[in-house]
Number of protein chains: 2
Amino acid sequence: MINANDFFDALSDETRRRLLVLLVGDDELCVCELCYALDLPQPKVSRHLAVMRESGVLSVRREGLWIYYRIHPLLPAWAYRILDQMGQGCAALEIFQGDRKRLKEMPNRPVRCCA
Amino acid sequence: MINANDFFDALSDETRRRLLVLLVGDDELCVCELCYALDLPQPKVSRHLAVMRESGVLSVRREGLWIYYRIHPLLPAWAYRILDQMGQGCAALEIFQGDRKRLKEMPNRPVRCCA
DNA sequence: CAACTATATTCGTCAAAACGAATATAGTCA
DNA sequence: TGACTATATTCGTTTTGACGAATATAGTTG
C-alpha cells in the first residue's frame, strides 16, 4: 500500500501531473500516446512514469510492444479523490488543455486488442 | 487566485504538508505553536510558511507579537478538498500523529484576544 | 529610550532530482 | 535469424530547493 509521502512525491513535478491528469481521464494509455500528448521526448516520459510506477501510483500491463499505464487500481480512496480534484484544478491551465487536445487529435493511436 | 502549479509546489515538501495538516485541523495557529508541534527550528518553519504565504495557500494576520497563519480563505473548492483528503492520507503516519499530540500538550499556548 | 520577544530574511553550502544524449532491452515480424 | 518498433535505463551535468547559522525586523513592555 502506497504511503502519503510517496504519493505526494509523485504529484510534485508538473510533467508527472500532466501524465496523471490524462490517465485520470482516460483510464489507460500507452507510452507513445503520452509522449505525443505531452509533446515530450520518450525517455523523459518513461522516466517520470517509472517514478510513479515504483512508488505504486501507477500500474502497468504489456500488450505486444505496447506498455499501458493506468492509475493503480489499489490506490486508497483519499488518493483517488485527490487525483480527481487535481484534474479539476488543472483543467483551467492552458498546458493541460493542450495535452488533452493533442491526445484527441493523435493519428494512428494503437488499438487495444484485449484490454 | 492561486494556480494549480503553485498549489502543488506547496504540497511537495513533507515539512509543508505537516504544517498544512495541522492548519486544516485547527483553522489558525501561530508560528511558535507550529514550531513546537513540529519540533523544528523557527527559521525553518518560517521559511516554509513564507513559501505557502507567497503562493497564496496561506493567509496571515498579526495580533501583537504573534503572527497567525491559516489556510487561505479564498482557496478554490478543489484545493480545499485536496487539503482535506491529504489530512486523511497523512493521518496514518506516525510523524503527523506526533505533531498533533505535541500541539495538544503544548504549555502556555498564546491566547487569542480578538480572533 | 532600551531590553525583550516573536517572527522573518539573508547567505553560503549541500543534496535531491530533473535533464539530454546515448544506449540497452524486449517483443514482433519478415 | 536480423531488422524494426516501443519502451527502459544509464550517465554525466545542471538546476532546484532545503538546510543551518547568523542576522534583521517589528511590536511590546519597562
Side-chain angles (χ1 to χ4, degrees), chain A residues 5-20 22-23 28-55 57-70 95 106-114, chain B residues 5-20 22-23 28-55 57-70 95 106-114:
Chain A
N5 283 332
D6 290 340
F7 178 75
F8 284 103
D9 279 350
L11 303 195
S12 71
D13 177 90
E14 189 188 32
T15 301
R16 290 197 289 271
R17 289 194 294 273
R18 291 169 68 191
L19 294 167
L20 286 169
L22 287 180
L23 288 166
E28 163 172 279
L29 292 167
C30 74
V31 180
C32 59
E33 291 172 318
L34 293 166
C35 290
Y36 189 92
L38 270 60
D39 191 24
L40 287 174
Q42 173 267 321
K44 174 167 172 170
V45 170
S46 276
R47 216 173 334 98
H48 283 293
L49 290 169
V51 168
M52 297 193 280
R53 167 173 31 91
E54 285 159 14
S55 70
V57 177
L58 297 183
S59 70
V60 188
R61 82 180 172 93
R62 175 183 279 276
E63 179 178 317
L65 281 177
W66 292 270
I67 307 238
Y68 288 93
Y69 281 87
R70 65 171 64 218
I95 191 167
M106 177 178 178
N108 305 319
R109 287 177 66 174
V111 184
R112 285 90 174 142
C113 70
C114 49
Chain B
N5 283 331
D6 290 340
F7 178 75
F8 284 104
D9 279 349
L11 303 195
S12 72
D13 178 271
E14 189 188 33
T15 301
R16 289 198 288 272
R17 290 194 294 272
R18 292 169 67 189
L19 294 167
L20 286 169
L22 288 180
L23 288 167
E28 164 173 277
L29 292 167
C30 74
V31 180
C32 59
E33 290 171 319
L34 293 166
C35 290
Y36 188 92
L38 270 60
D39 193 24
L40 287 174
Q42 174 266 321
K44 174 166 172 169
V45 169
S46 276
R47 216 172 336 98
H48 283 292
L49 290 170
V51 169
M52 297 193 280
R53 167 174 31 90
E54 285 159 15
S55 70
V57 177
L58 298 183
S59 70
V60 188
R61 81 180 172 94
R62 175 183 280 277
E63 180 177 319
L65 282 177
W66 292 270
I67 305 238
Y68 289 93
Y69 282 87
R70 65 170 65 218
I95 190 166
M106 177 178 177
N108 305 318
R109 287 176 66 173
V111 183
R112 284 90 172 142
C113 70
C114 48

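All values derive from a computational prediction rather than experimental measurement. Chain identifiers are assigned alphabetically (A, B, ...) following the order of the sequence lines, protein sequences preceding nucleic acid strands; residue numbering begins at 1 within each chain.
The residue B:Arg47 sits close to a base: some heavy atom pair falls under 4.0 Å. No engagement by A:Tyr68 is indicated, since no non-hydrogen atom pair under 4.0 Å with the nucleic acid exists. Across all strands shown, B:Pro43 has heavy atoms under 4.0 Å from base atoms, whether or not it also approaches the sugar-phosphate.
Here C:dA6 presents its P atom at 16 Å from CG of B:Leu29, a figure rounded to the nearest Å. Between the CG atom of B:Leu65 and the P atom of C:dA6 there is a distance of 7 Å, rounded to whole Å. Atom NZ in A:Lys44 sits about 8 Å away from atom C1' in C:dA18, given to the nearest Å. The CG atom of B:Leu49 sits 11 Å away from the P atom of C:dT9 (whole-angstrom rounding). In this structure, the CG atom of A:Leu19 is 13 Å from the P atom of D:dT7, given to the nearest Å. Whole-Å rounding puts the B:Met52 CE to C:dA8 P distance at 12 Å. Atom P of nucleotide C:dA15 and atom CG of A:Asp9 are separated by 19 Å, given to the nearest angstrom. To the nearest angstrom, P of D:dT7 lies 9 Å from CG of A:Leu34.
Among the nucleotides C:dA18, C:dA26, D:dT9, the one closest to any side-chain atom of A:Ser46 is D:dT9. Comparing atom distances between the B:Ile67 side chain and each of D:dT7, C:dT7, D:dT28 picks out C:dT7 as nearest. Considering only side-chain atoms of A:Cys32, the nucleotide from D:dT7, C:dG20, D:dA6 that sits closest is D:dT7.
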Practice prompt. Please lay out, stage by stage, how A:Leu38 and A:Lys44 fare under the test side-chain contact (heavy atoms from CB on, under 4.5 Å).
Written response: CA-CA 11 Å; A:Leu38 270 60; A:Lys44 174 167 172 170; over 6 Å; no

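Remark: A:Glu63 does not engage A:Arg112 in a salt bridge, criterion side-chain N to carboxylate O under 4.0 Å.
The SG atom of A:Cys35 lies 11.5 Å from the CG atom of A:Leu29; values are rounded to the nearest 0.5 Å.
In terms of polar N and O atoms assigned as donor or acceptor, the side chain of A:Gln42 comes within less than 3.5 Å of the base of D:dA8 in a complementary pairing.
Between B:Val51 and A:Val31, the one whose closest nucleotide on DNA chain D sits nearer the 5' end is A:Val31.
Taking only side-chain nitrogens and oxygens, A:His48 comes nearer than 4.0 Å to OP1 or OP2 of C:dC19. For D:dA6, the OP1/OP2 oxygens have no side-chain nitrogen or oxygen of A:Tyr69 closer than 4.0 Å. The side chain of A:Arg16 contributes an N or O atom lying less than 4.0 Å from OP1 or OP2 of C:dA18. Of the side-chain N and O atoms in B:Arg53, none sit less than 4.0 angstrom from OP1 or OP2 of C:dT7.
Checking side-chain atoms of A:Ser46 against main-chain N and O of A:Pro43 turns up no donor-acceptor pair under 3.5 Å. Remark: side-chain polar atoms of A:Arg16 are not paired, donor with acceptor, to backbone N or O of A:His48 under 3.5 angstrom.
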